[in-house]
Amino acid sequence: MAKRCTFSAKPRTWMAAFILMSALIPSSLKAQAGGEAPVRYLESQKVWVLTTRRSSYVMGVNAQNDLQTLYWGGRLESDHDIGSAHLQPSHASFDSPQTMTNMEYPGWGGMYYNEPCAKVTLADGDRDLVLKYDSYRINGNELEIRLKDIQYNLTVSLNYRVYPAEDVIRKQAVIENHTPQTVTVESAQAGVWTVPPGEGYRLTYLTGRWAGETQVIQEPVNPGKKVLESRRGNTSHQLNPWFAIDQTGEDGPATEQHGRVWFGALGWSGNWKLVVEDTPSAHQVRVTGGYNDFDFSWPLKPGQSLETPPFYGGYSGAGFGRASRLMHRLERNRILPDHAHPRLRPVLYNSWEATEFNVNEAGQKELAAKAAKLGVELFVMDDGWFGARNNDHAGLGDWTVNPRKFPNGLKPLIDYVNGLGMKFGLWFEPEMVNPDSNLYRRHPDWVMNFPGRPRTEARNQLVLNMARDDVREYVFNALDQVLAHNNIRYIKWDMNRHFAEPGWPEAPVAEQKEIWVKYVNNVYNIMDRLRARYPELEIESCSGGGGRLDLGVLKRVDEVWTSDNTEAFDRLRIQEGFSFAYAPKIMSAWVTDVPNLNRRSTPLKFRFLVAMQGSLGIGANLDRWTEAEMSQAASLVAYYKSVRAAVQMGNLYRLLSPRRGGVTANEYVSADGRQAVLFAFRHSQQLLRPAPTLYLEGLDDRAMYRIRPLDDKLAESQREVSGAYLRRHGLNFRLGGDYDSTSVTLERED
Ligand code: GLA
C-alpha cells in the first residue's frame with residue numbers, strides 16, 4: 001500500500017513518493033491507459049489526473065482547501081493543458097463561491113445550496129458539515145482522497161478506481177466518525193458526476209413498470225432538479241439507476257454513432273437516488289447519486305463508518321452506441337461473477353409459462369425430454385415445487401419439496417434432466433412469505449411491520465425483514481438445505497412485490513431506518529455465501545421481470561430476467577432500453593407461445609430472432625408444439641449457438657431503433673472481429689414500401705466477409721463482399737407483410 005500523503009509533506013518527499021507510486025503501477029494498466037499511469041498527482045498544480053484509454057477526469061484542491069472537480073471528458077493529452085483549482089466568484093450575496101464552483105464531494109454546511117453529497121446531525125445538535133481536503137493515497141489504478149470537517153474529526157474517504165479499457169471510473173465514499181459522539185448520517189451519496197460547463201444538455205434515462213420495463217426517455221436538462229429514484233426497497237421496474245447526458249452540438253444531439261455522451265450507473269439494489277441538477281445560478285449540470293435519503297437515517301457511533309454504493313461514470317466521444325458498448329464491457333470484464341473467465345450463457349428452458357404452479361415429476365420430465373431435443377442446455381423448474389404451493393395464495397417461505405408433486409424428492413427429475421445432458425435449475429423467492437405458510441405461522445414477527453398497524457399484502461404475500469440476522473440465517477439455511485441435497489446448478493431468485501410498512505420494531509428506534517440498507521446487504525450476503533459454498537452455482541436475478549437490474553446485483557448474478565412480458569414485438573423496445581445500459585449476455589429472453597400479451601401473434605421465427613439477441617431461452621408449452629415447430633425450433637437453436645459468442649461477448653451496434661420507423665435492426669460483432677451477426681425485424685409493411693437498407697458497422701473496410709443468410713430474404717446476390725461495401729452500400733432485405741424477420745452472419749475471410 002502506498003503511504004498516505006498530506007500537503008505538509010516536503011516537496012522532495014512528494015516527488016520521491018510519486019516516482020515510487022508510478023513504478024508500482026503494472027505496465028498492463030499503463031498500456032490500457034495509453035502510456036499514462038491511470039492515476040497521477042501533479043504537485044505543481046495540486047491536481048489528480050485519472051486517465052482511461054479515451055477520457056480524463058481531473059480534480060484539484062484550491063487555496064481554501066476545497067476539493068473541486070475540474071474536468072471530465074475526452075482525454076487531455078498534455079499535462080500543460082491542466083490548470084489548478086480556484087473558487088468561482090460569488091453571485092451577489094445570494095450564491096457563495098462554493099455554490100458557484102463544482103465541488104467534488106460537498107457536505108451540507110456553510111452557504112451551500114446545490115444537492116449535497118452528505119448531510120449529518122451530531123449528538124450535540126450541530127448540523128453543519130464543511131469538508132476540506134486532508135490527504136490522499138495512490139495505489140495502482142486506485143486513488144483515495146480523504147476529506148475532513150473543519151471542526152470535528154469526521155472524515156469522508158473518497159475511493160476512486162479507474163478502468164482504463166472501459167473508459168469508466170468508479171466512485172465510492174466512506175463516512176467515518178472519529179468523534180466521541182454519535183453522528184447521524186441523513187444523506188450518504190457516492191459522489192457527483194459533473195459534465196463540462198455549457199448549454200444544450202439532454203438527459204436519457206430508463207423508465208417502465210411491470211411488463212413494460214426499460215423504456216428510453218430523452219428530455220432537455222433545464223434549471224432545477226430531476227430526481228430518478230426508488231423508494232420501493234429494490235431497484236424497481238419504474239426507474240433504473242442509469243443515466244446518460246449528451247450535448248447538442250453543431251450537428252445536433254448525439255446519435256448512436258456521434259456526439260459526446262457522459263453516462264453513469266449506481267451499483268445498488270435498494271432505495272437509490274440520482275439527482276440530475278442544472279444549478280440555476282452557475283448553470284452547471286451535475287448528477288449526484290447514492291442511497292436514497294428518503295426515510296434514511298444512520299447513526300454512526302464513535303469509531304463506526306458507513307460505506308456508500310459504488311457509482312460508475314464513463315465517457316464516450318462516439319455517441320450512445322459506444323457508451324453502451326463500454327457499459328457492456330465493464331459488466332462482462334469487471335463486474336459479473338465470471339468476469340475473470342467469462343463463460344457463454346447456456347440455452348435455457350423454463351417451465352413457468354407452460355405449467356405455472358402445476359408442476360410434478362412426470363410433467364416436468366416430459367417437458368425436459370422435448371427441451372433436450374431442441375438443444376436446450378439448462379432446464380429450470382419455476383414456481384410450484386415446494387410447500388403447499390398450488391397457486392399464489394400459499395407456501396412461500398416453506399422451502400421443502402412438495403411430497404405430493406415429487407413423492408421421491410427432486411432427485412429423480414434432476415437425474416433425468418442430467419441424463420439428457422442438461423443442467424438443472426430451480427426457482428426461489430427467498431425474501432417472501434405467504435401468511436398461509438408454516439413459516440408465517442411460526443414467525444409472524446419476521447415480517448417487516450409497524451406493530452398494531454395493517455400489513456399490506458401484494459400477490460397474497462408479505463416481505464420478510466431480511467435486515468434481521470436471524471431471518472437472513474433462516475433463508476440461507478433453507479436454500480443451503482435444498483442445494484446440499486440436489487444437483488442444482490442455477491437458481492432463479494425472484495422478488496414479486498415491493499416493501500410496505502417497513503418497520504423493524506425489535507431494533508432500537510434510532511436504528512430502525514437502517515432496514516432499507518441492511519435488507520439489501522443481507523440479500524447480497526446470502527447470494528455471496530451460496531456462491532462461495534457452491535462454486536458451480538449460477539443465479540438469475542428476477543423481480544417480477546426486470547425489477548432488480550443494477551450493477552450491485554450484477555456482481556452476484558449471471559443473468560437477469562428482462563421482463564414478464566415475453567411478447568416478441570413489445571420485447572424489441574424493452575430489449576433496446578435494456579441494451580443502453582446492460583450487456584446482451586445477461587439479458588434473459590425466452591421464446592413463448594402466441595397469442596401473447598396485447599393479444600398479438602407473431603411467427604415462431606420472429607419470436608426466436610428477437611430472443612436470440614440476448615441469452616436465449618424457451619418458455620413455451622412444448623407439449624403443444626407440432627413436429628414442424630419442433631424441427632424449426634431445433635434448427636434456430638443451432639443457429640443461435642453458431643452466433644452466440646458474438647451476441648454475448650461481442651460489440652453491439654443498434655442500427656435501427658424500434659422507437660423510430662417500421663424496421664428494427666441490431667448487429668453484433670464478435671470480440672475478435674471474425675464474425676458479425678445481423679438481426680432485422682419488419683413490424684408492418686405499408687404502401688408496398690421496401691424495407692430500408694441496413695448499413696453495417698464495426699467491420700474492417702478492407703477485409704472480405706462471407707455472407708451466410710439464414711433464409712431467402714437477402715436481396716443481394718453476391719456471397720462475398722468487403723467491409724467497405726457493407727458499411728457504404730449496405731445490405732437490402734425483402735422484408736414484407738407483418739412481423740417478418742431475418743438474420744445473416746458475416747464471416748471474415750483470412
Ligand atoms: C414472477 C416471475 C415469473 C415467474 C413467476 C412465478 O412473476 O417474473 O417469471 O417466475 O414469478 O410465480
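Just so you know, ligand 1 is whichever comes first in the structure, and atom 1 is the first atom listed for that ligand.
When each atom of ligand 1 is checked for a heavy atom of W561 under 4.0 Å away, the hits are 8 (O), 9 (O). Near C542, meaning under 4.0 Å from any of its heavy atoms, are these atoms of ligand 1: 2 (C), 8 (O). Taking every non-hydrogen atom of D383 and a distance limit under 4.0 Å, the qualifying atoms of ligand 1 come out as 6 (C), 12 (O). Here is the list of ligand 1 atoms found below 4.0 Å of a heavy atom in K492: 3 (C), 4 (C), 9 (O), 10 (O). Heavy-atom contacts of D564 reach the following atoms of ligand 1: 1 (C), 2 (C), 3 (C), 7 (O), 8 (O), 9 (O) (cutoff under 4.0 Å).
When only interatomic distances are considered, the shortest N/O to N/O separation between R459 and ligand 1 falls below 3.5 Å. Between W590 and ligand 1, no pair of N/O atoms sits closer than 3.5 Å. For ligand 1, the polar-atom distance check finds an N/O of G545 within less than 3.5 Å of one of the ligand's N/O atoms. For the pair R389 and ligand 1, the shortest N or O to N or O distance does not fall below 3.5 Å.
Taking the charged nitrogens against the carboxylate oxygens, R442 and D398 have no contact shorter than 4.0 Å, which rules out a salt bridge. A salt bridge links R345 to E559: one of the charged nitrogens lies within less than 4.0 Å of a carboxylate oxygen.
T355 is not listed as a side-chain neighbour of N621, based on a closest heavy-atom distance of 4.5 Å or more.
A donor-acceptor pair is defined here as one N or O able to donate and one able to accept, closer than 3.5 Å; no such pair exists between the side chain of S437 and the backbone of V433.
Figure legend: cation-pi geometry between R654 and F320 absent, as NZ or CZ is not positioned both under 6.0 Å from the six-membered ring centre and within 45° of its axis. Both cation-pi conditions hold for R571 and W561: the charged atom is under 6.0 angstrom from the six-membered ring centre and inside a 45 degree cone around its axis.
Using modelled atom types and a 3.5 Å distance limit, the side chains of R453 and N449 yield no donor-acceptor pair.
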